[in-house]
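Only one structure is covered here, and it is reproduced in the block below.
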Amino acid sequence: MSLLAWGLLFSMTAKAQLSTNPDKFLGNITTGWNSDMDTDGFIFADYWNQVTPENATKWESVEGNRHGTYNWGGADKAYKYAKEHGFPFKFHTLVWGSQYPSWMNNLSTEKQYEAIVQWMDEAKKHYPNLQMIDVVNEAVSGHAPAPYKEALGGDGKTGYDWIIKAFEMAHERWPDAILIYNDYNTYQWNTDQFINLVKTIRDAGAPVDAYGCQAHDLGGCSASTLKASLKKIQDALKMPMYVTEYDIASQNDNEQLRDYKAQIPLLWEADYCAGVTLWGWIYGKTWTDNGKGYSGIIKNKKERPALEWLREYMQSDAAKTAKSPFPGMVKEASVYVKAGEISVGKGTLVPITIDASLKTKTIESVAIYVNDEEIIPRTAETRSANGGQTYLAEYTPTGKGDYTIKTVVTATDGTKYERYSGFTVYGPREPYNGVKQIPGIFEAEDFDSGAEGYTFHDSDNINEGDVKNYRKDGEGVDFVKGNGGTVIGYTAQGEWLDYTVNVSQAGEYEYEATVSSGNDGAAFSLSMVNDNGVTLLAKVKVPKTGDNDWSKYKTVKGKLDKPLEAGEQILRLTIDGAYANIDKIEIKNTETGINAVTIDGEQDAVYNLAGQKVNSRYKGIVIQNGKKIIK
């Protein structure tokens with residue numbers, strides 16, 4: 001029997017599931033590598049009404065060996081069980097920097113992209129009607145961004161182009177699925193980084209429907225701390241939330257009960273919370289504490305106090321009537337909003353595109369507001385790929401600051417659906433201490449003036465031991481003392497700095513960077529940024545110059561992978577591996593001197609370094625009469 005037939009045939013409801021709320025679920029995961037549902041004599045559906053396979057839908061589990069075969073056995077077990085009992089199944093996960101097939105590491109970027117497409121196509125073929133998907137997992141800096149992200153476009157202009165691409169690919173295949181970005185440490189330690197990532201991809205138009213907070217970080221977290229964190233995240237994102245991997249790993253029953261009582265009501269009763277998934281239920285069979293499974297809430301075949309309390313709470317009126325952003329646990333509206341750029345200069349006209357569709361209803365109207373000012377949209381002639389309608393609008397900001405785009409889609413039955421987006425307006429980009437000349441030397445701390453997300457990105461703002469008065473413009477990256485002066489320090493993966501440079505002559509170049517690090521794995525890359533995107537020039541490994549000691553500096557050298565064009569442009573330095581101190585960078589022309597070169601062709605003809613004939617207006621290094629000259 002096909003999986004589609006399973007979905008049509010079964011609609012049974014378990015007799016004693018803890019949650020009776022029709023609009024949000026209380027779910028759990030499969031148990032063990034066998035993807036067991038009913039476990040140790042306990043019936044899964046007697047407790048939970050949603051399932052996430054812990055490992056069975058991860059790419060490595062399905063396609064660990066690249067032989068054109070796919071292992072869906074464990075995933076099918078959970079999928080069919082969910083359909084039999086009439087509750088949601090979530091696919092976890094399409095793109096992740098862990099538990100992906102190791103054979104991906106041996107492929108070129110182009111072949112990696114082909115493999116990703118094939119992986120998603122196979123998942124679509126096997127599960128054509130998925131209800132929820134963790135599209136990208138744990139991509140916050142320092143977590144587990146996909147090592148193959150360049151195949152999806154790399155960081156790009158937004159810093160997260162590869163994540164946006166992954167969501168677009170998922171939306172093409174499952175337009176009716178709830179597409180989720182999932183990460184950990186969201187509530188206590190990486191909250192700002194999480195908000196920045198989700199907000200960036202949302203504002204850039206990614207079809208992301210919800211954010212997932214794993215909630216492994218809540219052991220001992222007070223109600224007041226959690227409440228403040230929930231508010232901060234939701235105020236910033238204004239999107240549906242899933243609590244995706246909740247557990248309290250404690251051997252102490254009273255400690256576990258304390259946290260459940262303090263935290264679950266706050267999570268469950270938030271009207272933007274669409275559901276809570278516990279990450280394991282049988283003590284000793286969850287991943288926490290090196291597999292000791294202290295987070296389990298059934299121990300020695302008895303319910304622990306936290307589970308006894310959870311049953312009582314779920315029968316309360318507050319739990320039964322808690323609102324959800326997805327009534328009936330399904331997505332009715334797909335509304336995605338994209339400004340032409342998420343960072344623009346003052347006075348720049350900003351085009352706005354809205355892609356809107358309803359699954360079972362009909363759109364009556366679409367209203368767009370920018371900072372509460374209504375903008376009249378016009379309907380585009382072409383329809384979006386999933387059968388919805390595309391709407392276009394324009395807005396010209398008059399001042400600097402953050403601008404919020406609010407889109408309200410009204411159905412013919414009066415139901416309204418909202419989606420938020422935004423962009424930031426900055427003053428003009430200004431080179432700090434002048435335009436950097438290439439060839440030449442520039443200090444790493446002399447990046448362009450502008451603002452966060454426009455001319456630089458700083459993910460942590462540690463500011464420990466910083467040189468507070470180096471920059472008169474007060475730009476907020478981390479400066480530290482080093483190598484007899486000021487350097488960029490406390491660097492974190494994903495941070496970047498832009499420099500306006502003038503390349504005096506086109507040609508081949510090499511770099512020499514003065515750096516230090518007290519850790520292994522520090523690295524950065526150099527790229528050129530223009531309207532066509534980001535062109536990677538070099539990946540630079542920063543050696544460990546001291547054992548937890550950043551005071552010793554060394555130079556690292558290498559050749560730029562691509563020739564530079566002449567003229568003014570933007571050079572971007574991106575941190576690929578944390579904890580690099582960067583003092584200065586010199587970029588040298590490798591095409592100096594006049595060397596004998598033989599080119600077959602017309603006498604006195606002029607060629608560029610690629611061997612192409614150029615006219616007299618061409619500037620840079622040319623080859624004429626078999627010799628290199630500078631024009």
Side-chain angles (χ1 to χ4, degrees), residues 1 3 6-7 9-58 61 72-93 127 130-134 212 214-215 242-249 256 260 264 268 274-288 291 293-315 319-320 329:
M1 182 179 293
L3 295 178
W6 275 98
L9 179 61
F10 294 101
S11 61
M12 299 167 56
T13 303
K15 60 180 179 180
Q17 293 163 353
L18 273 63
S19 173
T20 58
N21 188 310
D23 298 322
K24 60 176 67 180
F25 56 75
L26 180 66
N28 220 304
I29 59 172
T30 55
T31 302
W33 285 98
N34 292 327
S35 298
D36 292 335
M37 299 294 297
D38 301 338
T39 304
D40 284 2
F42 290 91
I43 306 302
F44 187 98
D46 282 354
Y47 292 88
W48 322 112
N49 64 338
Q50 179 268 337
V51 63
T52 300
E54 183 175 19
N55 292 294
T57 45
K58 292 171 182 172
S61 299
W72 296 107
D76 285 351
K77 186 186 297 185
Y79 183 88
K80 292 175 182 178
Y81 191 99
K83 293 303 179 183
E84 289 173 1
H85 293 84
F87 58 64
F89 167 93
K90 182 172 74 169
F91 193 101
H92 173 79
T93 174
Y127 299 120
L130 289 174
Q131 190 169 335
M132 293 180 293
I133 306 171
D134 287 333
Q214 291 185 12
Y242 285 99
V243 181
T244 56
E245 304 183 22
Y246 182 88
D247 57 28
I248 300 297
Q256 188 182 63
Y260 265 71
I264 290 293
W268 185 263
V276 176
T277 302
L278 276 60
W279 208 250
W281 54 310
I282 307 297
Y283 190 94
K285 294 189 177 182
T286 70
W287 69 275
T288 56
Y294 298 151
S295 60
I297 49 179
I298 293 180
K299 182 179 181 181
N300 297 328
K301 297 198 173 183
K302 293 183 179 179
E303 296 181 358
R304 295 179 72 181
L307 179 51
E308 293 175 347
W309 171 84
L310 187 60
R311 174 179 288 103
E312 294 176 3
Y313 169 71
M314 283 293 158
Q315 295 307 308
K320 290 180 179 180
M329 305 184 211

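Values below: every heavy atom of this structure, side chains too, minus hydrogens, waters and symmetry copies. This one's a predicted model, so the numbers in the text were calculated from it and none came from an experiment.
Across all non-hydrogen atoms, the minimal contact from Ala319 to Trp268 is O-NE1, 2.9 Å. Minimum interatomic distance between Ser35 and Ala56 (heavy atoms only, all atoms of both residues): OG-CB, 3.4 Å. When every heavy atom of Ala78 is checked against every heavy atom of Pro53, the shortest pair comes out as CB-CG, 4.1 Å. In this structure, Ala45 and Asp38 approach most closely via the heavy-atom pair N-OD1, 4.5 Å. A pairwise comparison of heavy atoms in Trp33 and Ser61 identifies CZ3-OG, 4.0 Å as the closest pair. In plain terms, the two heavy atoms of Phe25 and Pro88 that are nearest each other are CD2-CG, 4.3 Å.
Side-chain contact check for Gln50 versus Met329: every heavy-atom pair is 4.5 Å or farther apart. Residues Arg311 and Glu303 have side chains in contact (heavy-atom distance under 4.5 Å, counting atoms from C-beta outward). Residues Leu26 and Leu278 are in side-chain contact: their nearest non-hydrogen atoms beyond the backbone lie under 4.5 Å apart. Within the 4.5 Å cutoff, the side chain of Val51 has no heavy atoms near those of the Tyr81 side chain. Counting heavy atoms from C-beta on, the side chains of Trp279 and Tyr246 never come closer than 4.5 Å.
How far CD1 of Ile297 is from CG of Asp247: 10.0 Å, rounded to the nearest 0.5 Å. Here Lys90 contributes atom NZ and Met132 contributes atom CE; the two are 6.5 Å apart, rounded to the nearest 0.5 Å. A distance of 12.5 Å separates NZ in Lys83 from CG in Asp76, rounded to the nearest 0.5 Å. The distance from atom NE2 of His92 to atom OG1 of Thr277, rounded to the nearest 0.5 Å, is 10.0 Å. Atom CD of Gln17 and atom CG of Asn49 lie 4.5 Å apart (nearest 0.5 Å). Here the CZ-CG distance, from Arg304 to Leu310, works out to 13.0 Å after rounding to the nearest 0.5 Å.
Thr39 places a side-chain N or O within 3.5 Å of a backbone atom of Met37 that can act as its donor or acceptor partner. Judged purely by atom type and a 3.5 angstrom limit, Gln256 has no side-chain atom pairing as donor or acceptor with the backbone of Pro305.
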### Task
Give the C-alpha distance, both sets of side-chain angles, the deciding distance and a yes or no for side chain to side chain contact (heavy atoms under 4.5 Å, CB included) between Tyr260 and Leu307.
CA-CA 9 Å; Tyr260 265 71; Leu307 179 51; over 6 Å; no

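Relative ring orientation between Trp72 and Phe91 is described as tilted, the plane-to-plane angle lying within the 30° to 60° band. Ring geometry for Phe89 versus Tyr79: interplanar angle over 60°, hence perpendicular rather than tilted (30 to 60°). Note: Trp48 and Phe44 have perpendicular aromatic rings, judged against thresholds of 30 and 60 degrees for the angle between ring planes. Ring pair Trp281/Phe42 is perpendicular by interplanar angle, where above 60° counts as perpendicular and below 30° as parallel.
The list of side chain to side chain donor-acceptor pair (under 3.5 Å) pairs with a residue in residues 19-30, not counting sequence neighbours, is empty.
Between the side chains of Asp134 and Tyr242, not a single donor N or O lies within less than 3.5 Å of an accepting N or O. Glu54 and Thr52 share no donor-acceptor pair across their side chains, judged by distance under 3.5 Å alone.
Salt bridge Asp40/Lys285: present, at least one basic N to carboxylate O contact under 4.0 Å.
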